[in-house]
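Taking it in order: structure first as C-alpha cells, then the write-up.
A, B, ... follow the sequence lines: proteins, then strands. Residue 1 opens every chain.
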Protein chains: 2
Amino acid sequence: MRNKKKTTIKDIASVLNISPAAVSKALNDDSRISAKTKEAVKKVAKDLNYQPNHLASALRKGKSNLVGVIVPRTNSNFFSSVIQNIEEVLNKEGYNIIITQSNESYKKECSNIDTLLFTQVDGIIASMANETVKLDYFEKVKSKGIPLILFDRGENDLNVDYIGINDYDSSHMIVEHLVQQGCKRIAHIGGYRHTRIFNNRIRGYIDAIKKHHLPLDEALLIESSLTIEDGREKMTQLLALENRPDAVYVAGDYAALGSLQVLNENNINIPNDIALVGFGNEPFTSMVTPTISSIDQHSTEIGKQAALTFLERVNNPEIKQTLNKKILDAELIVRDSSNVKK
Amino acid sequence: MRNKKKTTIKDIASVLNISPAAVSKALNDDSRISAKTKEAVKKVAKDLNYQPNHLASALRKGKSNLVGVIVPRTNSNFFSSVIQNIEEVLNKEGYNIIITQSNESYKKECSNIDTLLFTQVDGIIASMANETVKLDYFEKVKSKGIPLILFDRGENDLNVDYIGINDYDSSHMIVEHLVQQGCKRIAHIGGYRHTRIFNNRIRGYIDAIKKHHLPLDEALLIESSLTIEDGREKMTQLLALENRPDAVYVAGDYAALGSLQVLNENNINIPNDIALVGFGNEPFTSMVTPTISSIDQHSTEIGKQAALTFLERVNNPEIKQTLNKKILDAELIVRDSSNVKK
DNA sequence: TATTTTTGCTTAAACGTTTAAGCAAAAATA
DNA sequence: TATTTTTGCTTAAACGTTTAAGCAAAAATA
C-alpha cells in the first residue's frame with residue numbers, strides 16, 4: 001500500500017475536472033470559490049491523503065513561515081523554557097521554529113546562521129555565544145532584511161530588538177539582600193566583561209558595593225567562564241585569600257554549584273561562614289545541599305516577548321529595525337545558601 | 001546599502017553572458033564546465049553576495065537535506081547530547097537538522113510530525129513521548145517512504161531502525177551490584193509498562209531478583225511517571241511499608257532525585273539504611289548529596305549510530321525498512337548512594 | 001428589459017533552481 | 001585527412017505551488 005508518488009494539487013484537479021488554480025484557492029478558502037467546490041476539493045484532498053508541499057508554496061510566496069532560533073545550548077532550563085514559549089506563541093500564528101545550538105562557539109554560531117539563512121527562514125531569534133565578539137554574521141542577517149531578535153545575550157551595537165532582564169538591578173538586589181543578612185565582605189565571581197549582560201552585573205555589583213560603603217577589593221572581583229570547573233577554581237582562589245569574603249555572588253548557577261562543592265569539601269558553613277548566591281535559577285539550585293539562592297530570569301516572559309516582537313516586525317516590514325530594548329525585572333529566590341539563621 | 005532584492009543564478013548568468021544552467025553547473029562543480037568558467041562564476045557569485053535558494057533547489061531535486069529530530073524534551077543531558085552527536089555526523093554529509101520537542105505529549109508529537117513532513121524533511125529521527133501508545137502518526141511517516149529512525153524510546157511494532165541500550169541487562173547489572181553491597185530487599189520504582197524500555201527494565205528487575213533468590217514482593221514494584229514529584233511520592237509510599245526495602249532502584253534520575261530528597265528529609269542513611277540507584281546519568285546525579293549511582297546510556301554513541309543509520313537508509317532507498325535493532329551495552333556508574341562502606 | 005456587478009472559475013506565468021537532451025567546436029583517434 | 005569522441009556550453013522543461021488577469025454566466029440593479 002506504500003504510495004510513493006505524492007499527491008499534488010494537479011491530482012485533485014484532474015479528479016474533479018477543475019483547474020489546479022481553483023484547487024489551490026479552494027484549499028486556501030478563497031472567497032471567490034463556491035462552498036460546493038471547496039467542500040468537494042477538501043474531500044478529495046483527504047481521500048488522496050494530500051499533503052501540501054511547503055517548499056513549493058514557500059518558494060512561490062517568498063515566505064517560508066519558519067523562524068530560526070539560536071541558543072548557546074538547549075541543555076539549560078532557561079533556554080529550553082524560552083524556546084518552548086517562543087514555539088507556543090509562533091505556532092499559533094502558523095510559524096514553525098528551527099532550533100540550533102552554538103555550543104558557545106563563535107564558529108558554530110556562524111554556521112548556524114548560514115544554515116538558517118539557507119533554509120530561508122523568515123526571521124531569527126538568538127542568544128549569542130559566550131565566545132562571540134565579532135558581529136559580522138549577525139550583520140549579515142540584518143542585511144538580508146529579515147527580522148533579528150536577540151534575547152539574554154545581546155549587543156547594543158547591532159541596533160535590533162532585544163529582550164532581557166535588568167542585570168544591573170539584579171546585582172543591586174543581590175548585594176542588598178546579602179547586606180541584610182549581615183555580610184560585610186562580598187565577592188563577585190562574574191562572567192566575561194566583553195559580554196554585555198555580565199558587564200552589567202559587574203557594574204551593578206561595584207555600584208551596589210559603593211552604595212553600601214563596603215570594601216571594594218580587587219581580589220574580590222574575579223572574571224570567570226562560569227562553568228562548574230571554573231566555579232571550583234575561582235572559589236578555591238577566594239578561599240586562599242588571607243582576608244576571605246563572607247559572601248560570594250556568582251554570576252551563573254553552574255559556577256555557583258562548583259563554588260558550593262568547594263565550600264562543602266572544606267567544611268565551610270554555608271551561609272554562616274560564607275553566604276552564596278547564584279544566577280539563573282536552574283532547577284538543580286533547589287536540589288543541592290544547601291539549596292542555592294538565585295535570580296530567576298523569567299524565561300517564560302522572555303520567550304513570549306521574543307516571539308511577539310518577531311511577529312510585530314514581520315507584520316510591519318516597512319518599519320526600520322532599531323535598537324529596541326525590552327527589559328524585564330528579575331526576581332531573587334532566596335534559599336538556604338544565603339538565608340542566615342538568627 | 002540594504003540589498004533587499006536577492007541575487008539569483010540569473011543575475012550571475014547575465015553578468016557573465018552565459019546561461020543560468022551553466023551557472024548552476026559551475027556552482028555545483030559539474031565536470032562539463034571549464035575551470036575558467038567555474039572560477040569566473042564563483043567570483044561573481046561572491047561579489048554579488050549570492051546565497052543559493054534552498055527552497056528552489058530542494059523543490060527541483062525533491063530532496064530538502066533536512067532531517068527532523070523529535071525528542072520528549074531538549075532540557076535533558078541525554079537528549080541534548082544525542083542531538084549534538086546526530087548533528088555532528090549529519091552536518092558533515094550536508095544535512096541540517098530541525099529539532100522539535102514533544103514535551104512528552106502525544107498530541108504535540110503528532111503536530112511535530114506534521115510540521116516536519118510539511119517542511120519536507122528527508123527523514124525523521126525520534127524518541128517517543130511517554131504518553132504515546134497509538135502509532136498512527138509514525139505509520140504516516142513510514143507511508144511517506146522517508147526513513148524513520150527511533151532511539152531510546154522505540155516500538156517493535158513499527159518495524160523500523162532502533163538504537164538503544166540493553167535495558168534488561170542494565171536492570172541485572174543494578175540488582176547484581178546492590179546484592180554485592182549486601183542488600184536483601186530491593187525495590188523498583190519503574191516507568192510505565194506500556195513503554196517498551198521501562199517494561200524491559202521491569203522484566204530485568206524481576207528476573208534478576210528471581211535469579212538471586214530475593215523476595216519478589218508486589219509492594220516493592222511500583223509504576224511511576226518518573227518525575228521528581230512522583231519519585232517523592234513513590235518513595236514515601238515505600239517508607240510507609242512495615243517491611244521497608246534496603247535498596248531502591250529507580251528507573252529515572254529525576255524520580256531518583258525526588259526519592260533521595262524524601263530519604264534525606266527522613267534522616268535515613270543512604271546507602272547504609274537504604275541504597276539508591278538511578279538511571280540516565282544526568283549531571284545532577286553527581287551534584288547532589290549523596291551523589292547518586294546511575295546508568296550511563298552512551299548518548300554520544302546513540303546519537304552517532306542514529307545519524308549513521310539514517311544515512312545508510314537514505315543512501316539505499318531500495319532496501320525495505322525492517323525492524324533493525326542496535327543495542328548498546330550500558331554502564332553502571334557507582335556513586336555514594338549505593339557504595340556501602342565496610 | 002438593458003446594464004452593471006458579482007461569482008466562479010480558467011489561463012498563463014512565475015518563484016529559483018536543476019537536468020535531460022542537444023549541438024557546435026575542439027580534441028583525439030584512425 | 002576523415003571520423004569519432006570529448007568538451008563546454010545552450011535550450012527547454014520541470015519541481016508544486018500561487019496569483020494577476022481575464023472571461024463567461026449568474027445575479028443584482030436601474
Side-chain angles (χ1 to χ4, degrees), chain A residues 3-42 44-45 48-66 94 117-122 144-145, chain B residues 3-42 44-45 48-66 94 117-122 144-145:
Chain A
N3 206 6
K4 287 279 177 142
K5 205 80 205 105
K6 284 174 189 161
T7 306
T8 73
I9 267 184
K10 284 183 192 169
D11 299 324
I12 302 175
S14 71
V15 167
L16 293 169
N17 248 321
I18 57 178
S19 72
V23 174
S24 170
K25 285 176 182 166
L27 291 172
N28 289 303
D29 269 328
D30 188 294
S31 63
R32 295 282 285 276
I33 299 292
S34 70
K36 200 178 125 201
T37 305
K38 279 181 190 170
E39 207 181 325
V41 165
K42 283 171 188 169
V44 175
L48 297 183
N49 190 26
Y50 169 72
Q51 299 279 131
N53 186 324
H54 166 252
L55 297 173
S57 82
L59 174 61
R60 176 58 232 242
K61 293 203 282 191
K63 193 157 180 307
S64 67
N65 273 46
L66 291 172
L117 292 179
F118 174 70
T119 318
Q120 310 287 123
V121 293
D122 290 341
K144 284 275 162 195
Chain B
N3 206 5
K4 287 280 175 138
K5 205 81 204 105
K6 283 174 191 162
T7 307
T8 72
I9 266 185
K10 285 182 192 170
D11 299 324
I12 301 175
S14 71
V15 167
L16 293 169
N17 250 321
I18 56 177
S19 71
V23 174
S24 170
K25 285 177 183 165
L27 291 171
N28 290 303
D29 268 329
D30 187 295
S31 63
R32 295 281 285 273
I33 300 292
S34 71
K36 201 178 124 201
T37 306
K38 279 182 190 171
E39 208 181 323
V41 165
K42 283 172 188 170
V44 174
L48 297 182
N49 191 26
Y50 169 73
Q51 299 280 132
N53 186 324
H54 167 251
L55 297 173
S57 80
L59 174 61
R60 175 58 231 243
K61 293 203 280 191
K63 193 156 181 309
S64 67
N65 273 46
L66 291 172
L117 292 179
F118 175 69
T119 318
Q120 311 287 123
V121 293
D122 290 341
K144 284 274 161 196

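Across all strands, B:I18 comes closer than 4.0 Å only to sugar-phosphate atoms, never to a base (heavy-atom distances). As judged by a 4.0 angstrom heavy-atom cut-off over every strand, B:S19 is placed among the base-contacting residues. Residue contacts shown for A:S24 include a base, since a base heavy atom lies under 4.0 Å away.
Residues B:K61 and B:A21 both approach DNA chain D. Their nearest nucleotides, taken by heavy-atom distance, put B:A21 toward the 5′ side. For the pair A:S34 and B:L59, both in contact range of DNA chain C, the more 5′-proximal nearest nucleotide belongs to A:S34.
Looking only at side-chain heavy atoms (C-beta outward), B:L16 and B:T37 stay at 4.5 Å or farther from each other. No side-chain heavy atom of B:L59 sits less than 4.5 Å from a side-chain heavy atom of B:Q120. B:K6 is not listed as a side-chain neighbour of B:D11, based on a closest heavy-atom distance of 4.5 Å or more. Between A:D122 and A:L66 there is no side-chain heavy-atom pair separated by less than 4.5 Å. Annotation: side chain of A:Y50 is not in contact with side chain of A:V44 (no heavy-atom distance under 4.5 Å).
Formation of a donor-acceptor pair under 3.5 Å by the B:N53 side chain with backbone atoms of B:L55 is found in this model.
On the nucleic acid side, DNA chain D contacts chain B at distances under 4.0 Å to non-hydrogen atoms, with the end points of that region at D:dT7 to D:dG16.
Annotation: A:K10, atom NZ; neighbour count of heavy atoms from other residues, nucleotides and ligands within 6.0 Å does not exceed 12.
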Paired and unpaired positions of DNA chain D as dot-bracket, Watson-Crick or G-U wobble under 3.5 Å, | denoting a partner strand: ||||||||||||||||||||||||||||||
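The distance from atom OG of A:S24 to atom CZ of A:R60, rounded to the nearest 0.5 Å, is 9.5 Å.
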